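Scroll down for the structure; my scribbles are underneath it.
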Amino acid sequence: MLTLRTIQENPQEVIEKLAKKKFDAREIVNSIIGFTEAKNQTQMQADRAKAELNALSREIGQLMRQGDASGTQQARERTAELKESIRELDLVFADLDVKIRELLVLLPNTPHVSVPEGNSAEDNEVVRSGGSFPVLDENALPHWELASRYNLIDFELGVKLTGAGFPVYRGKGARLQRALINFFLDQARQNGYEEIQPPLMVNEASGFGTGQLPDKEGQMYHVTADNFYMIPTAEVPVTNIYRDVILENRDFPVKNCAYSACFRREAGSYGKDVRGLNRLHQFDKVEIVRIAHPDTSYEVLEEMVNYVESLVQKLELPYRIVKLCGGDMGFTSALTYDFEVWSGAQEKWLEVSSVSNFESFQANRLKLRFREEAGKKPQLAHTLNGSALALPRIVAALLENNQTPEGIRIPRALVPFCGFDMIP
RNA sequence: GGAGAGAUGGCUGAGUGGUCGAUAGCGGCGGUCUUGAAAACCGUUGUCCCUUUGCGGGGACCGGGGGUUCGAAUCCCUCUCUCUCCGCCA
């Protein structure tokens with residue numbers, strides 16, 4: 001959520017920036033400014049009436065102590081009128097406040113100046129790429145066939161137990177999962193991230209804090225009996241650790257990482273790209289979350305991108321880093337880099353990580369602030385997060401790219417974690 | 001599932017109708033003392049909003065919402081959450 005102040009102070013700038021995201025903000029911004037003016041006028045009137053009533057109440061206390069019955073009576077009569085107008089003004093105020101809030105949440109985050117113009121994924125900017133494409137036979141198999149040939153993943157069994165999109169990993173397939181999780185967590189720790197093991201269900205307040213609620217409610221599994229939501233990413237519980245928190249400058253840098261299972265309903269995305277591991281309802285992911293000083297958040301973003309790059313390099317996967325264009329960016333992000341790995345048999349790029357700076361957009365909702373120094377006013381911090389990494393598509397690429405006549409080769413960095421270097 | 005207790009400032013914990021935004025202790029910050037540190041002592045220490053060029057002025061907030069009253073942290077209603085004991089259980 002953008003701050004009211006930002007909109008009030010630079011309405012034109014907000015409108016121009018949002019145009020890059022293909023969002024026409026003119027009407028909303030103008031309404032917000034109009035309502036805010038009215039709200040402030042109302043508050044002035046209400047506050048004046050309240051000040052008078054407060055003074056009168058104090059006076060009545062004095063008069064009663066002095067035993068001045070007629071003075072007391074007189075003062076009391078004057079309060080009735082004040083109370084009535086306060087009641088009315090408060091109603092108007094609350095109404096305007098709700099209207100403003102409803103409009104504010106409609107506005108996406110403003111993109112960073114470096115975000116490229118563009119409408120869709122086609123216009124994204126490839127920042128750099130690395131690794132080398134695998135040389136595969138013509139009859140190279142897609143990962144879902146490899147998974148069943150080597151008895152690594154059973155998709156049909158998942159359907160029996162739960163439904164589509166809930167695969168069962170078994171044998172070396174399960175061990176590969178565990179190895180990847182441990183590898184990612186160890187790497188994160190070695191890079192200074194504190195490991196968090198968060199709850200996999202969150203309450204409503206947390207859902208609001210990171211912006212899943214109320215808009216994206218349909219994307220989360222809802223445990224209605226207790227009104228909990230299954231987390232779609234560890235970002236939700238980990239970032240909400242800092243909800244309503246005021247950090248001190250010395251608390252920086254905040255670097256957290258967390259492994260979690262992630263649950264997504266993916267409503268409305270059936271039909272395309274859902275084969276095998278490409279899109280699941282439950283999957284594993286290690287997430288990195290950072291809270292940064294506004295002055296350094298873009299340096300932090302670069303640092304995170306470099307870190308994620310080191311992971312795909314260690315896994316020996318061909319990859320490219322893409323800076324999303326305005327039209328392809330998420331609602332809450334100011335700048336996003338996507339990581340894609342090449343899936344040799346499907347012959348396409350698979351998104352395995354998305355690293356974003358949200359600036360103060362999330363922090364405003366979370367009321368996550370920091371204090372420059374003791375005695376100074378708190379200000380909003382910047383939040384960033386990224387996948388490091390999401391497992392399924394990594395597994396898909398590993399299986400496809402490393403298939404050989406003798407079996408599937410495990411990248412060297414992973415062998416100590418797997419305990420095997422080949423899936424024969 | 002049954003029974004009970006509670007929710008107050010960064011933390012602990014007072015406060016049951018009238019300068020209570022709130023006693024006190026701890027913590028934090030500043031200072032005195034000290035070669036330095038500790039201890040001791042003194043001072044200071046919430047958030048949000050409106051208004052003002054500035055100094056300042058005003059309003060709101062004691063889990064959320066509503067009510068009683070001239071006046072509510074304090075009384076009433078309601079919701080939520082937390083804790084303790086019993087039962088069940090990884």
Side-chain angles (χ1 to χ4, degrees), chain A residues 1-9 32-101 103-104 197 199-209 213-214 222-229 237 240-252 254 261 291 360 363-381:
Chain A
M1 190 162 73
L2 295 174
T3 64
L4 234 196
R5 197 161 300 281
T6 307
I7 294 166
Q8 272 181 295
E9 286 171 4
I32 287 174
I33 287 177
F35 286 145
T36 303
E37 240 159 68
K39 190 184 85 163
N40 291 350
Q41 285 298 320
T42 309
Q43 184 176 350
M44 276 167 68
Q45 291 177 42
D47 283 358
R48 211 175 300 137
K50 284 174 188 175
E52 202 180 320
L53 183 65
N54 287 343
L56 220 48
S57 295
R58 268 188 296 259
E59 209 177 294
I60 288 171
Q62 295 244 317
L63 291 169
M64 284 175 72
R65 244 168 284 138
Q66 291 163 8
D68 184 345
S70 72
T72 302
Q73 190 51 35
Q74 239 174 13
R76 277 189 181 170
E77 279 160 19
R78 275 189 287 157
T79 62
E81 205 180 313
L82 281 171
K83 286 177 77 177
E84 182 51 31
S85 77
I86 288 170
R87 208 189 317 273
E88 281 168 21
L89 288 165
D90 277 350
L91 281 175
V92 173
F93 180 90
D95 182 53
L96 287 165
D97 198 48
V98 168
K99 283 201 173 98
I100 290 166
R101 187 164 304 277
L103 289 172
L104 269 178
Q197 195 173 109
L200 301 181
M201 291 190 253
V202 293
N203 58 27
E204 243 178 334
S206 295
F208 274 104
L213 296 174
H222 187 193
V223 182
T224 51
D226 296 287
N227 199 24
F228 292 150
Y229 292 87
N240 271 282
I241 292 173
Y242 304 96
R243 170 156 47 88
D244 295 319
V245 166
I246 299 176
L247 298 167
E248 299 297 327
N249 218 353
R250 61 168 173 271
D251 295 327
F252 292 125
V254 175
I291 297 165
S360 61
N364 188 31
R365 233 174 214 253
L366 291 161
K367 296 203 193 338
L368 161 53
R369 291 164 295 174
F370 75 101
R371 217 187 300 268
E372 194 83 58
E373 53 183 279
K376 276 204 169 183
K377 263 182 85 78
Q379 54 178 312
L380 293 172

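The structure displayed is predicted, hence computed values, not measured ones.
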Tell me the interatomic distance from A/E52, atom CD, to B/G58, atom C1', rounded to whole angstroms. 13 Å

OP1 or OP2 of B/G71 less than 4.0 angstrom from a side-chain nitrogen or oxygen of A/K83, does that happen here? yes

Rounded P spacing from B/A22 to B/G36 in Å: 38 Å

Could you work out, with salt bridge (charged side-chain N to carboxylate O under 4.0 Å, His left out) as the rule, every residue matching A/E88, not counting sequence neighbours? none

Show me the side-chain donor-acceptor pairs of residues 54-64 of chain A shorter than 3.5 Å, one per line, residues at least two apart or across chains.
residue: A/N54; atom: ND2; partner: A/K50; partner atom: O; Å: 3.4
residue: A/S57; atom: OG; partner: A/L53; partner atom: O; Å: 3.1

Identify whether any heavy atom of A/A51 sits under 4.0 Å from a base atom; if not, whether one sits that close to sugar-phosphate; answer base, sugar-phosphate or nothing. sugar-phosphate

Contacts under 3.5 Å, N or O only, protein and nucleotides 50-52 of chain B:
residue: B/C50; atom: O4'; partner: A/Q43; partner atom: OE1; Å: 3.2
residue: B/C50; atom: O4'; partner: A/Q43; partner atom: NE2; Å: 3.3

Passes side-chain contact (heavy atoms from CB on, under 4.5 Å), A/L104 versus A/I7? Steps please. CA-CA 9 Å; A/L104 269 178; A/I7 294 166; 3.3 Å; yes

When you compare B/C61 with B/A73, how far apart are their P atoms, in angstrom units rounded to a whole number? 7 Å

Each nucleotide N or O in nucleotides 43-48 of chain B that has a protein N or O under 3.5 Å away: list the pair and distance.
residue: B/U47; atom: OP1; partner: A/R371; partner atom: NH1; Å: 2.6
residue: B/U47; atom: O3'; partner: A/R369; partner atom: NH1; Å: 3.0
residue: B/C48; atom: OP1; partner: A/R369; partner atom: NH1; Å: 2.9

Between protein and nucleic acid, restricted to nucleotides 61-68 of chain B and to nitrogen or oxygen atoms under 3.5 Å apart, what atom pairs and distances do you find?
none

Which atom pairs, one a donor and one an acceptor, fall under 3.5 Å between side chains of residues 35-45 of chain A and the rest of the protein, sequence neighbours left out?
residue: A/T36; atom: OG1; partner: A/I32; partner atom: O; Å: 2.6
residue: A/K39; atom: NZ; partner: A/D97; partner atom: OD1; Å: 3.3
residue: A/T42; atom: OG1; partner: A/A38; partner atom: O; Å: 2.7
residue: A/Q43; atom: NE2; partner: A/D47; partner atom: OD2; Å: 3.2

What residues form a salt bridge (charged side-chain N to carboxylate O under 4.0 Å, His left out) with A/E84, not counting sequence neighbours? A/R87

Just call it for A/T79: base, sugar-phosphate, or nothing, with non-hydrogen atoms closer than 4.0 Å on any strand. sugar-phosphate

Would you mind reading off the distance between A/D251 atom CG and B/G28 atom C1', rounded to a whole angstrom? 12 Å

Please name the pair of heavy atoms, one in A/G209 and one in A/N240, separated by the smallest distance, quoted to 0.1 Å. CA-OD1, 3.9 Å

Closest heavy-atom contact between A/A49 and A/I86? CB-CG1, 3.6 Å

In whole angstrom, give me the gap between the C1' atoms of B/A5 and B/C89. 25 Å

Taken in chain and number order and not counting sequence neighbours, the residues that satisfy salt bridge (charged side-chain N to carboxylate O under 4.0 Å, His left out) with A/D244 are none

Taking the P atom in each of B/C20 and B/G59, what is the distance between them to the nearest angstrom? 15 Å

Separation of B/U69 atom P from A/L53 atom CG, nearest Å, is 14 Å

Using the 3.5 Å cut-off, write out each protein N or O paired with an N or O of nucleotides 78-81 of chain B and the distance between them.
none

Residues passing the side-chain hydrogen bond (donor to acceptor under 3.5 Å, both in side chains) test with A/R365, sequence neighbours excluded, are none

Whichever of A/A55 and A/F93 has the more 5' nearest nucleotide on RNA chain B, that residue is A/F93

Separation of B/G71 C1' from A/Q73 CD (nearest whole Å): 15 Å

Distance between C1' atoms of B/A60 and B/G21 (Å, rounded): 11 Å

Suppose you measure atom P in B/C77 against the same atom in B/U19; what distance do you get, rounded to whole Å? 25 Å

Under 4.0 Å between any heavy atoms, over every strand shown, what does A/L56 touch: base, sugar-phosphate, or nothing? Just pick one. nothing

Here the pair of heavy atoms bringing A/P237 nearest to A/P199 is CG-O, 3.7 Å

Between A/T3 (side chain only) and A/T6 (backbone N and O only), is there a donor and an acceptor less than 3.5 Å apart? yes

Separation of B/G59 C1' from A/R48 CZ (nearest whole Å): 12 Å

A/R58 atom CZ is separated from B/G58 atom C1', nearest whole Å, by 11 Å

Interatomic spacing from CD in A/Q8 to CG in A/L2 - rounded to 0.5 Å: 12.5 Å

Using the P atoms only, state how far B/G30 lies from B/U82, rounded to an integer number of Å. 38 Å

Quick check for you: to the nearest 0.5 Å, what is the distance between A/D90 atom CG and A/D95 atom CG? 12.5 Å

Reported CG-to-CG distance for the pair A/L368 and A/L247, which is rounded to 0.5 angstrom: 5.5 Å

Nearest-angstrom distance from the residue atom CE of A/M64 to C1' of B/C70: 9 Å

For RNA chain B, consecutive-pair runs of 3 or more (Watson-Crick or G-U wobble, both H-bond-type distances under 3.5 Å) give B:1-7 with B:80-86, B:10-12 with B:24-26, B:27-32 with B:40-45, B:46-51 with B:56-61, B:63-67 with B:75-79

Just to confirm, is there a sub-4.0 Å distance from OP1 or OP2 of B/A60 to any side-chain nitrogen or oxygen of A/N54? yes

For the residue pair A/E204 and A/N227, what are the closest heavy atoms and their distance? OE1-ND2, 3.1 Å

Tightest non-hydrogen contact, residues A/E248 and A/R371, listed as OE2-NE, 3.7 Å

Could you measure the distance from the OG atom of A/S206 to the CD1 atom of A/I241? Nearest 0.5 Å is fine. 10.0 Å

What interatomic distance, in whole Å, is found between C1' of B/U8 and the corresponding atom of B/U47? 15 Å

Contacts of A/F370 that satisfy ring-ring contact (aromatic ring centres under 6.0 Å, His included) - sequence neighbours left out: A/F252, A/H293

Could you check how far CG of A/L82 sits from C1' of B/C70, rounded to whole Å? 10 Å

